[in-house]
Amino acid sequence: MKSLITLLALATLSISTMAQDMSRTEDYDSAYSEQADGSIVYIGKCLAHQDYENKKFKVTSTLVNYFEPRDLSDREYNKKMRKIEKELILEAGRGDAEFLRTADDITIERIKSSETPDLDLYRLNVGVGGGNGMYVILNRSVVNGKVNYEFLAEIFDGDVEYCDQKIWK
């Protein structure tokens with residue numbers, strides 16, 4: 001019986017520490033507000049939504065300035081991306097190392113959240129598909145000397161496609 005209780009406690013603990021996508025818990029009516037001028041503003045709960053820039057978070061440094069990778073040779077691309085850890089690229093592309101190489105344009109920034117100051121956040125502004133774009137937010141940590149990036153949010157054309165509970169208010 002003790003073994004069963006211990007096993008259930010461990011299972012509950014491991015489930016509660018796993019990532020949880022909160023984006024599907026809000027609907028359009030509660031997450032967006034139409035302004036008097038007709039514009040639509042995000043008022044939802046994902047702290048990494050781009051509308052919160054300079055409200056809930058600020059850019060502290062730009063690691064890779066805007067560029068268009070498809071116009072560059074592999075050598076030129078690698079030179080622009082030399083400061084970026086391979087772990088960041090892999091996590092941003094969810095395991096696809098070519099994700100950023102095939103983007104229309106890229107900017108990579110470090111951001112600081114006023115609501116989650118303990119997180120080391122990185123924001124990738126990625127242009128895709130001729131005018132469409134997305135923001136990918138990652139959290140960097142180092143454990144026992146090993147660098148790790150955790151996927152926290154994906155905002156595609158203003159819509160919250162994924163938002164981890166760590167950055168959900």
Side-chain angles (χ1 to χ4, degrees), residues 4-61 63 84-85 87-97 99-100 102-143 146-169:
L4 180 60
I5 292 171
T6 302
L7 184 61
L8 288 173
L10 286 173
T12 303
L13 178 64
S14 66
I15 289 170
S16 67
T17 61
M18 294 176 70
Q20 184 175 354
D21 179 12
M22 302 299 291
S23 65
R24 303 299 173 236
T25 64
E26 66 183 5
D27 60 23
Y28 183 85
D29 292 334
S30 66
Y32 294 89
S33 173
E34 185 172 349
Q35 304 300 295
D37 65 359
S39 63
I40 304 293
V41 176
Y42 178 77
I43 58 169
K45 296 180 179 180
C46 186
L47 298 174
H49 195 281
Q50 67 266 24
D51 287 344
Y52 283 144
E53 188 166 353
N54 296 321
K55 295 175 189 167
K56 303 277 184 189
F57 68 90
K58 67 178 184 163
V59 174
T60 58
S61 62
L63 304 173
I84 304 305
E85 295 168 314
E87 294 88 354
L88 180 145
I89 295 169
L90 284 171
E91 188 63 27
R94 302 273 180 125
D96 179 5
F99 166 69
L100 293 177
T102 59
D104 291 349
D105 57 78
I106 305 167
T107 305
I108 302 175
E109 302 159 320
R110 195 167 179 191
I111 63 175
K112 194 70 170 171
S113 169
S114 59
E115 305 225 358
T116 56
D118 54 319
L119 298 180
D120 188 8
L121 301 175
Y122 290 74
R123 179 173 75 167
L124 290 78
N125 182 348
V126 182
V128 293
N132 296 321
M134 66 185 192
Y135 289 96
V136 174
I137 310 295
L138 305 169
N139 179 45
R140 183 181 188 271
S141 62
V142 180
V143 178
K146 185 178 183 316
V147 173
N148 183 52
Y149 283 90
E150 178 182 15
F151 195 95
L152 293 183
E154 179 182 325
I155 316 299
F156 187 82
D157 281 353
D159 293 330
V160 179
E161 298 295 329
Y162 179 87
C163 192
D164 190 272
Q165 64 185 358
K166 286 184 178 180
I167 57 171
W168 194 259
K169 66 177 178 176

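If you're wondering where the values come from, they're calculated on a predicted model, not measured in any experiment.
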For the residue pair Tyr42 and His49, does the interplanar ring angle fall in the parallel (under 30°), tilted (30 to 60°) or perpendicular (over 60°) class? parallel
Decide yes or no for Phe156 and Val128: does some side-chain heavy atom of the first lie under 4.5 Å from some side-chain heavy atom of the second? yes
Cation-pi check, Arg123 to Tyr52: give yes when NZ or CZ is under 6.0 Å from the six-membered ring centre and within 45° of the ring axis, no otherwise. no
Sidechain-backbone polar pair: Lys58 side chain, Lys112 backbone, donor-acceptor under 3.5 Å: no
Using side-chain heavy atoms (C-beta onward) and a distance below 4.5 Å, is Leu119 in contact with Leu152? yes
Polar side-chain atom of Asp21 near backbone of Asp164 as donor-acceptor pair, under 3.5 Å: no
Is NZ or CZ of Arg94 both nearer than 6.0 Å to the six-membered ring centre of Phe151 and within 45° of the ring axis? yes
Where the side chain of Asp157 meets the backbone of Gly133, is there a donor-acceptor pair that is under 3.5 Å apart? yes
Are Asp120 and Asn139 packed together at the side-chain level, in the sense that at least one heavy-atom pair is separated by less than 4.5 angstrom? yes
The reported gap from CD1 in Ile137 to CD in Gln50 (rounded to nearest 0.5 angstrom) is 8.5 Å
I need the minimum non-hydrogen distance between Val41 and Gln35, along with the two atoms involved. CG2-CG, 3.4 Å
Arg140 and salt bridge (charged side-chain N to carboxylate O under 4.0 Å, His left out): which partner among Glu91, Glu85, Glu150? Glu85
Greater than 12 external heavy atoms within 6.0 Å of Lys169's NZ: yes
Has the side chain of Ser114 got a donor or acceptor atom that lies under 3.5 Å from a matching backbone atom of Lys56? yes
Under 3.5 Å donor-acceptor, Asp104 side chain and Gly129 backbone: yes
Between Val126 and Leu100, is there a side-chain heavy-atom distance shorter than 4.5 Å? yes
Output the distance between atom OG (Ser30) and atom NZ (Lys45), rounded to the nearest 0.5 Å. 7.5 Å
Spacing of CD1 belonging to Ile108 relative to CG belonging to Leu88, to within rounding of 0.5 Å: 6.0 Å
